There are 2 protein chains.
Amino acid sequence: MTKAAGMRAPACDEAAAGETPGWGGYVVEAQVGFLLRRAHQRHAALFQEMMGARDLTPTQFTALIKIVTCGAVTQNRLGRLTAMDPATIQGVVRRLVARGLVERAFDPADRRTHVLRATAAGLELARQAVACATEITAATLEPLSLAEQPLFLSLLKKLI
Amino acid sequence: MTKAAGMRAPACDEAAAGETPGWGGYVVEAQVGFLLRRAHQRHAALFQEMMGARDLTPTQFTALIKIVTCGAVTQNRLGRLTAMDPATIQGVVRRLVARGLVERAFDPADRRTHVLRATAAGLELARQAVACATEITAATLEPLSLAEQPLFLSLLKKLI
DNA sequence: GGTCAATTATTTGTATACAAACAATATCTG
DNA sequence: CAGATATTGTTTGTATACAAATAATTGACC
């Protein structure tokens, strides 16, 4: 199974052999943006591999957990809580609703908004998914020692 | 009940106020996957803000730099060098070619491949963009002290 | 009350990102 | 050499991610 998460896009093999120098030491693979993109890719691959059976993407999982823990939120507020803009959260919520994990209710106090709540199925899936997500976090951080992990997380938080 | 303090655009405002406990201490905003996604988002926003005038996305920039420094590469090999799968690199290269920054040549030795090279315009844009990208890297890492920056990068590299 | 600005949700368009399937070509194997 | 296998590039479909424009509604202000 393992499928070697990077068979098709392993990236950066046979690295910088025979490259032209003279670029002031600029190496694109060493830049923080490139490394962040790669680390995010690796995490997403681990997430899909380990959460795949439940058919939840990282963003769908985040949105579902936020709806469950917040109890009832509007769509835009959910977007702010999960760092997704209105166009993005719209699609994420639409797919969660289509799967019966989330339901929308009209808010008589504000007819613009749709209040979101988790269904029983959504709550149950969330419970299972949190246990799985804990393992995904551990797998993602596995290359770091137990001492390095909290250090890395504290530095990463500063970059947001 | 939520305490609705200010509604800003970014995300994750008014954090976890009034959330239901009992999830074993799992806080989705503190997980490495969420933080990586947010850090990558912030970098992408800085990139667009500072590179916007040259109309290059992070991936287009990475691909162009790799073509320039490698001299001549096939499309799939470029994808491996930049961590993009064949479907993704196809679109990136197509847009670079459409803008006249890259040109394709047939390889008589292998009729499957198209050899990619930077045009004069692509080379000139790459020169300017590298200077800009250096500033983007600095801006991204700016929240960290000069001592923390290499430490963070070394830890981040281990996660790939 | 009436006007205007702000907010909510949606839609459109563009750009990654990847799975899956495909045709054309190259390479390996017997 | 012939057949199996692998690689290259493309296409389709789905899912973020965001800019920009939009309609409906709310709130603020006069």
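Bear in mind the structure is a predicted one, so any value in this text is a computation, not a measurement. Chain letters run A, B, ... following the sequence lines, proteins first and then strands; every chain starts at 1.
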Do [X] and [Y] have side chains that get closer than 4.5 Å, going by heavy atoms?
X	Y	value
Ile65(A)	Val68(A)	no
Leu78(A)	Val92(A)	no
Arg127(B)	Leu123(B)	yes
Met84(B)	Arg37(A)	yes
Thr74(A)	Asp107(A)	no
Ile160(B)	Arg42(A)	no

Would you kindly give the [atom1]-to-[atom2] distance between [X] and [N], to the nearest whole Å?
X	N	atom1	atom2	value
Leu78(A)	dT16(D)	CG	P	12 Å
Arg80(B)	dG9(D)	CZ	C1'	12 Å
Phe61(B)	dT16(C)	CZ	C1'	17 Å
Gln60(A)	dT16(D)	CD	C1'	10 Å
Ile89(A)	dT7(C)	CD1	P	18 Å

Kindly write out the residues that satisfy side-chain hydrogen bond (donor to acceptor under 3.5 Å, both in side chains) with Asp110(B), not counting sequence neighbours, or none if the list is empty. Arg112(B)
Contact under 4.0 Å: Asn76(B) side-chain N or O vs dT7(D) OP1/OP2: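 No, because none of the side-chain N or O atoms of Asn76(B) sits under 4.0 Å from OP1 or OP2 of dT7(D).
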Would one find a side-chain N or O of Gln90(A) under 4.0 angstrom from OP1 or OP2 of dT10(C)? yes
Can you spot which of Lys157(B), Arg80(B), Lys66(B) makes a salt bridge (Lys or Arg N to Asp or Glu O under 4.0 Å) with Glu29(A)?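 For Glu29(A), the salt bridge (Lys or Arg N to Asp or Glu O under 4.0 Å) test succeeds with only one of Lys157(B), Arg80(B), Lys66(B), which is Lys66(B).
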Of the options Arg99(B), Glu124(B), Glu103(B), which is the one that meets Thr119(B) in a side-chain contact (heavy atoms from CB on, under 4.5 Å)? Glu103(B)
Can you work out whether Val92(B) or Gln75(A) has the more 5'-proximal nearest nucleotide on DNA chain C?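 By nearest-heavy-atom nucleotide position, the 5'-most residue is Gln75(A).
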Could you list all N or O pairs between the protein and nucleotides 17-20 of chain D that sit under 3.5 Å apart?
| unit_1 | atom_1 | unit_2 | atom_2 | d |
| --- | --- | --- | --- | --- |
| dA17(D) | OP2 | Arg37(B) | NE | 2.6 |
| dA17(D) | OP2 | Arg37(B) | NH2 | 3.4 |

Scan for ring pair (Phe, Tyr, Trp, His ring centres under 6.0 Å) pairs involving residues 131-160 of chain B, sequence neighbours excluded, and state none if there are none. Phe152(A)-Phe152(B)
Show every ring pair (Phe, Tyr, Trp, His ring centres under 6.0 Å) that has at least one partner inside residues 93-133 of chain A, sequence neighbours left out. Phe106(A)-His114(A)
Under 4.0 Å, heavy atom to any atom of DNA chain D: which of residues 93-105 of chain A qualify? Arg95(A)
Return the residues of residues 106-116 of chain A meeting this criterion: a heavy atom under 4.0 Å from some atom of DNA chain C. Order them by number, or give none.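 Residues of residues 106-116 of chain A that come under 4.0 Å of DNA chain C are, in numerical order, Arg112(A), Thr113(A), His114(A).
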